[in-house]
Protein chains: 2
Amino acid sequence: MIDGSNEMTQQRETGTLGKLMVLLDLVTHADRPLRFTDILAAGEQPRGTLHRQLGHLVEEGLLEIDGDGRYSPGLRLLELASRSWARNEFRLIAEPHLNALQQLTGETVHLGVLRGASVIYLDKVEGRQPVRMYSQIGNASPVYCTGVGKAALSVLPDERLNALIAEVAFQRFTPNTRTAEMLLAEMEEIRSTGAAFDREEHEVGIRCVAAPIWSEDLSFVGGVSVTGPAYRLTMERLNEWADPVRQTAARIMSGMRSGLGPRR
Amino acid sequence: MIDGSNEMTQQRETGTLGKLMVLLDLVTHADRPLRFTDILAAGEQPRGTLHRQLGHLVEEGLLEIDGDGRYSPGLRLLELASRSWARNEFRLIAEPHLNALQQLTGETVHLGVLRGASVIYLDKVEGRQPVRMYSQIGNASPVYCTGVGKAALSVLPDERLNALIAEVAFQRFTPNTRTAEMLLAEMEEIRSTGAAFDREEHEVGIRCVAAPIWSEDLSFVGGVSVTGPAYRLTMERLNEWADPVRQTAARIMSGMRSGLGPRR
DNA sequence: GGCAGAAGTTCCATTATGTGGAACCGAATT
DNA sequence: AATTCGGTTCCACATAATGGAACTTCTGCC
């Protein structure tokens, strides 16, 4: 595995499971239930094979099929994830600190983890909003345009950083979205200050300040952030909050070391 | 497949996937990260086999392994579930009605679906409390001691009802928890009134009233409920709310029929 | 420090499982 | 009645999973 050029060598090394996961991804990523033919057309597998594979996934509850033969994600996924979330050590350690940060700032606080080239949100604490919106938890967002993502990148060694950036397709979400070059340039600043800003780079009108969280061996990299509407979160305000955010990150890391965190 | 006695015939019919799911379940159900040996001791597979299987699951992100070689559920599960939840048709249809019911009662409203002998909570709307998403969502509870569960059972044909009850191991959570016989006896009442009560049967001090929701072909069975502390939810209060709960269920069903629901 | 035992990893001949082309079915469509 | 389309079933074949055993790496423990 320590062959310098690890380019795209890792394609499909999980045998049967890999093929099934491709299907699962296909169905969960679709914005509507898919018919057998739709999936067949995706070209992954021949008819007979596909039919059996889908059958197995349905049997296990990972997919569901309705009367019209349309496939959607199954409840089993929720069940598995629920447990996975409830018992996640990192999240449990972070929870009280996130709450404290929310109280202090009054804005929404996020906890995220780097996974491949995406940030997965592990937790979210909002104020008293009566209206609950899209939960966000479990949601995967691109690294390069989220505070947590940029913060996480900043602690990676150059080698891993470059490898990761190389495999990302940069998409322009707002006029402020970073390109690969801009992102790399920004790393220096983030490394020295220990805080990353999202200046409406993912969504117009949304700003955020984030700090990285990482395990010693970098097997684990993530971050914590405060997010809010630009009209409330002026840049001065964001700067003010950089410090509490960094402190929160520091406390979580200290909890990980002393606690049950991913240690060696 | 149409062999009248479909008893326990369905064991392990999903080949390789089935074996992997057993492992996934094992790890997600454990209350701590498991070592290789722990899983080996569960006796499912011989060493070599198990090693490769775990490797594949880790590779796909369904499991994670820390520096100490301890396995826990992976982030990929959250990612998959998040999408599955966000786009769930049934949940989307129900959402506004759940909110309305919450407003009306001021108590916590749940939306659940029957899956095997468990109720999986699909959504939860609480009052002003900072919403902890996933606190309950995806959670699997026994059918026989939750309002939603009992409501759901009441719309099943006797045959399916009996089969289901036969395979459940009844556990006594509180002095009020129903036995199989009591549950069956109660069905008559629930069927005629269209409402099911949980009179502190799952947790002491918690009551709830629920109404069933089902698709015509019964491919889908669930329910909606209002839950709260016994001191606020007196039995008279619960009776008062039976009607709005039934109405909410009716509205959701009507939404399913006209909307994109699981129709034929 | 070195030894013993346990925990974890790798190997590879065997075989069970998944594969996929082709035939089949049934319900819409013309 | 004939045709197409979406879905399901079948079965000889190839591939991927299996699992026993050998090997390596970690842990104390003396």
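By convention in this document, chain letters (A, B, ...) are assigned in the order of the sequence lines, proteins followed by strands, and residues within each chain are numbered from 1. Worth saying up front: this structure is predicted, and the values here are computed from it rather than measured.
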Going by side-chain hydrogen bond (donor to acceptor under 3.5 Å, both in side chains), name the residues that satisfy it together with [X], two or more places apart in sequence or in a different chain.
| X | result |
| --- | --- |
| B:R246 | B:D243 |
| A:R251 | A:Q247 |
| A:R191 | A:D158 |

**Q.** Neighbours of DNA chain C within residues 28-43 of chain A, by heavy-atom distance under 4.0 Å
**A.**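 The stretch gives none, as no residue of it lies under 4.0 Å from the strand.
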
Listed partners of [X] passing side chain to side chain contact (heavy atoms under 4.5 Å, CB included), at least two apart:
| X | answer |
| --- | --- |
| A:Q53 | A:K19, A:L20, A:L23, A:Q45, A:T49, A:L50 |
| A:P142 | A:Y144, A:C145, A:F173, A:H202 |
| A:L184 | A:L161, A:N162, A:I165 |
| B:H51 | B:F36 |

Q.
In whole Å, I'd like the distance from the OH atom of A:Y71 to the C1' atom of D:dT8.
A.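 Whole-Å distance recorded here is 10 Å.
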
Q | Spacing between A:I65 atom CD1 and D:dG7 atom P, to the nearest angstrom | A |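 Distance, rounded to whole Å: 8 Å.
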
Q | Terminal contacting nucleotides, 5' and 3', DNA chain C versus chain A (heavy atom, 4.0 Å) | A |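 So the outermost contacting nucleotides come out as C:dG18 to C:dG21.
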
Q) Which pairs pass salt bridge (Lys or Arg N to Asp or Glu O under 4.0 Å) with one or both residues in residues 109-120 of chain B, sequence neighbours excluded? A)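 Residue pairs with at least one partner in residues 109-120 of chain B: A:E79-B:R115.
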
Please list, for nucleotides 15-18 of chain D, all pairs of protein and nucleotide N/O atoms separated by less than 3.5 Å.
from   : atom 1 : to    : atom 2 : distance (Å)
D:dA16 : O3'    : A:T16 : OG1    : 3.4
D:dA17 : OP1    : A:T16 : N      : 2.9
D:dA17 : OP1    : A:T16 : OG1    : 3.0
D:dT18 : OP1    : B:K19 : NZ     : 3.4
D:dT18 : OP2    : B:R52 : NH1    : 3.2
D:dT18 : OP2    : B:R52 : NH2    : 2.5
D:dT18 : OP2    : B:Q53 : NE2    : 3.3

(Q) Run the salt bridge (Lys or Arg N to Asp or Glu O under 4.0 Å) test against B:R32 and tell me which residues pass, sequence neighbours left out. (A)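 B:R32 satisfies salt bridge (Lys or Arg N to Asp or Glu O under 4.0 Å) with B:D38 once adjacent residues are dropped.
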
Q. Does a salt bridge link B:R83 with A:D31, judged by any charged N lying under 4.0 Å from a carboxylate O?
A.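 So B:R83 does not pair with A:D31 through a salt bridge.
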
Q.
With a cut-off of less than 4.0 Å, is there a side-chain N or O of A:H51 near OP1 or OP2 of D:dT8?
A.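 Yes, such a contact exists.
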
